[in-house]
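Per chain, numbering begins at 1; letters A, B, ... match sequence-line order.
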2 protein chains.
Amino acid sequence: MAKIQKVAELAGVSTATVSRALAGKPSVSPTTRARVEKAAKELGYVVSASASSLASGRTRNIGVVTPLLDTWFYMKVLSGAQHALLDAGYDLTLYHLDANLGMDLPAQANPRRRRLFEEFLRRKRVDALIAVSLELDAAELDSMRGLGKPVVCVGGPLPGVPTLSIDDHAIARLATDHLLSLGHRHIAHIAGDPDFELDFHLPATRRAGYEEALAESGVEADPLLVRSADFTIAGGYDATLQLLGDPRVHPTAIFAASDEMAIGAILAARDLGKEVPGDLSVVGIDGHDLADFFALTTVDQFPEVQGRRAVERVLHELDGDSSEPANEELPYELVVRKSTAAPRAPREG
Amino acid sequence: MAKIQKVAELAGVSTATVSRALAGKPSVSPTTRARVEKAAKELGYVVSASASSLASGRTRNIGVVTPLLDTWFYMKVLSGAQHALLDAGYDLTLYHLDANLGMDLPAQANPRRRRLFEEFLRRKRVDALIAVSLELDAAELDSMRGLGKPVVCVGGPLPGVPTLSIDDHAIARLATDHLLSLGHRHIAHIAGDPDFELDFHLPATRRAGYEEALAESGVEADPLLVRSADFTIAGGYDATLQLLGDPRVHPTAIFAASDEMAIGAILAARDLGKEVPGDLSVVGIDGHDLADFFALTTVDQFPEVQGRRAVERVLHELDGDSSEPANEELPYELVVRKSTAAPRAPREG
DNA sequence: AGCCCCAATGTAAACGCTTGCACCGCTCGG
DNA sequence: CCGAGCGGTGCAAGCGTTTACATTGGGGCT
């Protein structure tokens, strides 16, 4: 016999009332509700998720898809999302595409990704999806819409999908303008590796912001001052070695597209006997946990907030309040620490 | 009408056969199976997870509980577990206790933790649990056993629960012996913060291994050579500053209980103008992604493998093959890089 | 040729809830 | 004084599978 039945008997009501009382529905008298809750507690009764889902069509479970997992940024986003979901009484099912494999291939060719869309999402396992830094193609979007499940993207914008995006262009400008306002004129840029475009052409966007900032300050962009790296400390280190070793250029500052690369830059500078910020200013993007330790000036993009906001958004969609603006801007903030300062050499025009 | 019905009709069989065919049961003729699969594909049919769970009692979903999320180690374990589960066709539901809050209180006092056991696990949401670095108390264990769901712990041992544990004592000995064998006699230890005992008294165990190794080599342990830190780079940095600044001791090597602390030690040494490994050897534990970059000698504990192994184990339990040894040892390996070398000063007796 | 057995399939009873609809007093306005 | 309206409940029909058990049709044996 369905266990809810026992509770109903103990409380002297029908199963319907038990269901309603435990679900917090309004149409139950306070007295009855109390009686039901007492009975449930007494019997150690907890609603069966599968039965409930089957009957109601809702799972109280939302899926989060990320390209990678063992990365500071995605971790943070995930962490933020998990918190928010927990507080809302939802479970979080994790799905990650190990983007390292086959992200260069067309989406359909990544087996994990195929599976995500062909099985995972259709199984009624989740009520909605949060896709982090994922560019869904048309077929995938149709697939989602066909299921009638809300999708929220973090890191868009993606046509037709509610998206939380951060203004990468503006962030890059902010970082670059910070250096310019300190008086720097020879500003190098360690860009994200364009082959590594998980996100929405993020490397290109940030680079564009950098170049725009330069242009607007009347500084000519020198291609020799731009290097690509893979978003890691090691990558930033190498790129900086190249930059500082090249006799044709003499950067007084580096704007790295991620904090890890910026930290690599600081370490490289030190190894070359240069002082930061005396000989070289460094600014990054992220708000990485290590930024404080390395006294790194950075543009914090609050990844945990991104996760939390995505959850709020998706829950709204589930409530049917989908009449909101399709896109939301995520917050960011310049955090000035000791890795940036005015250039030591006299400024030049 | 149940969707499976449509498939049944299209394939000209009963729903029972469709169910069996799609579940890969053996008692279906190849011909029929093919017909069913074709029909299913044609209709875009996918089994409803909730209906399936309700009917079968299985969810094909397993829960992973970690104390923290935004930490390199748990990330890696999680990543390994997710991979393995995906390959086995299982979903992974994430639950993390934000151990920062209330981990010092008795288990029952942590609200998240209460909730985990009182709701999450009883809801028939998961078939089994993997608990990472979590010390369950008696009530919690009973709770799990009462539900008849397998639990596997990573980082035990825990009485009565299959556990994958790493021999922290041996790891610490290995690291320390490595330094001893290079000729070091003044070996400092940066221990994990004992107030931060998420895992099973890991800091104490590692410290014990360190002391035992010293003792066995006839080196007297000096309490002044042991400092505690919080497992972070910053923590390791500070501890090293203390260690190297203390006029009463002159360590030629440091064994840090985590790679991050070891990296902090390397950075601190550099800042004090000491060379690594010339003036100071440093060894860590973890196999951190950054170890290679910092040329850090470490004992790799393969966290991703830990995640994977936990999954394998739990799936075995689900298959009923619970006749295995209760505890398994996890692999570890000394990886020698350039942060350790013989002490520069002549050895003393 | 007759029988037994097994493989392959069908039948139908769960699985444990949710929820539309019906129903029952009551209060309240007319 | 009566009917409408409404808060609070109960009834029972699903929700979409899985699976124990029954059934069927051959093939191999004696």
Side-chain angles (χ1 to χ4, degrees), chain A residues 1-37 39-40 43-61 89 119 121-127 147-149 318, chain B residues 1-37 39-40 43-61 89 119 122-127 147-148 318:
Chain A
M1 178 202 344
K3 306 195 175 169
I4 194 175
Q5 184 71 24
K6 303 216 165 195
V7 180
E9 281 164 13
L10 215 194
V13 296
S14 72
T15 62
T17 301
V18 173
S19 175
R20 287 190 275 250
L22 262 30
K25 298 263 163 91
S27 63
V28 177
S29 77
T31 342
T32 311
R33 188 186 302 278
R35 205 141 28 91
V36 170
E37 279 166 355
L43 297 175
Y45 171 78
V46 177
V47 177
S48 150
S50 21
S52 175
S53 303
L54 178 56
S56 70
R58 270 169 270 112
T59 64
R60 291 198 81 70
N61 186 27
E119 292 181 27
L121 296 179
R122 311 181 71 105
R123 282 215 188 170
K124 292 198 156 212
R125 281 272 174 106
V126 296
D127 291 340
L147 296 177
K149 310 214 168 156
L318 283 174
Chain B
M1 178 200 344
K3 306 195 174 173
I4 196 176
Q5 184 72 21
K6 303 216 166 196
V7 180
E9 281 164 15
L10 216 193
V13 295
S14 71
T15 61
T17 301
V18 174
S19 175
R20 286 189 278 250
L22 263 29
K25 298 263 162 91
S27 63
V28 178
S29 77
T31 344
T32 310
R33 188 185 303 277
R35 204 139 31 88
V36 170
E37 278 166 356
L43 297 175
Y45 171 78
V46 177
V47 177
S48 150
S50 19
S52 175
S53 304
L54 178 56
S56 70
R58 271 169 269 112
T59 64
R60 291 197 81 71
N61 187 26
E119 292 182 26
R122 309 181 74 105
R123 283 214 189 173
K124 291 199 157 209
R125 281 272 175 106
V126 297
D127 291 340
L147 295 178
L318 283 174

Student: Locate the shortest heavy-atom distance separating T59(A) from R125(B); write the atom from each residue and the value.
Tutor: O-NH2, 2.7 Å
Student: Return the nearest nucleotide to the side chain of S56(B); candidates are dT18(D), dA12(D), dT18(C).
Tutor: dT18(D)
Student: Report each atom pair, protein N/O against N/O of nucleotides 5-9 of chain D, whose distance is under 3.5 angstrom.
Tutor:
{"unit_1": "dT9(D)", "atom_1": "OP1", "unit_2": "S29(A)", "atom_2": "OG", "d": "3.0"}
{"unit_1": "dT9(D)", "atom_1": "OP1", "unit_2": "T32(A)", "atom_2": "OG1", "d": "2.3"}
{"unit_1": "dT9(D)", "atom_1": "OP2", "unit_2": "S29(A)", "atom_2": "N", "d": "3.1"}
{"unit_1": "dT9(D)", "atom_1": "OP2", "unit_2": "T32(A)", "atom_2": "OG1", "d": "3.3"}

Student: Expressed in angstrom and rounded to an integer, what is the separation of K6(B) atom NZ from dT17(D) atom C1'?
Tutor: 17 Å
Student: Does a nitrogen or oxygen in the side chain of K3(B) sit under 4.0 Å from OP1 or OP2 of dC15(D)?
Tutor: no
Student: Grab the two heavy atoms, one from A40(B) and one from V7(B), that are nearest each other, plus how far apart they are.
Tutor: N-CG1, 3.9 Å
Student: From NZ of K25(A) over to P of dG10(D), roughly how many Å is that when rounded to an integer?
Tutor: 15 Å
Student: Just by distance, do the side chain of K149(A) and the backbone of V126(A) share a donor-acceptor pair under 3.5 Å?
Tutor: yes
Student: Nearest whole angstrom, please: distance from the C1' of dG16(D) to the CZ of R125(A).
Tutor: 14 Å
Student: Can you tell which of dT18(C), dG10(C), dT19(C) lies closest to the side chain of A55(A)?
Tutor: dT18(C)
Student: Check side chain to side chain contact (heavy atoms under 4.5 Å, CB included) between S50(B) and all other residues, then give those that pass, not counting sequence neighbours.
Tutor: S53(A), L54(A), K124(A), S48(B)
Student: Could you state the CD-C1' distance from Q5(B) to dT18(D), rounded to the nearest angstrom?
Tutor: 14 Å
Student: I'd like to check the side chain to side chain contact (heavy atoms under 4.5 Å, CB included) partners of T15(A); sequence neighbours left out, ordered by chain and number.
Tutor: I4(A), Q5(A), A8(A)
Student: With distance as the sole test, does D127(B) use its side chain to make a donor-acceptor pair with the main-chain N or O of R58(B) at under 3.5 Å?
Tutor: no
Student: Would you name the heavy atoms of V18(B) and V13(B) that are closest together and state the gap between them?
Tutor: CG2-CG2, 3.7 Å
Student: Rounding to 10 degrees, work out the angle separating the end axes of the helix from dA1(C)-dT30(D) to dG30(C)-dC1(D) (five pairs an end).
Tutor: 40°
Student: Rounded to the Å, how far apart are R58(A) CZ and dG14(D) P?
Tutor: 19 Å
Student: How long is the straight-line distance from CG of L318(B) back to CZ of R60(B), given to the nearest 0.5 Å?
Tutor: 9.5 Å
Student: Can you measure from CZ (R33(B)) to CZ (R20(B)) and round to the nearest 0.5 angstrom?
Tutor: 11.0 Å
Student: Which of residues 47-54 of chain B have a heavy atom under 4.0 Å from DNA chain D?
Tutor: V47(B), S48(B), A51(B), S52(B)
Student: For residues 21-32 of chain A, which residue pairs qualify under side chain to side chain donor-acceptor pair (under 3.5 Å), counting only residues two or more places apart or in two chains?
Tutor: S29(A)-T32(A)
Student: Tell me: CD1 of I4(B) to P of dT11(C), nearest whole Å?
Tutor: 14 Å
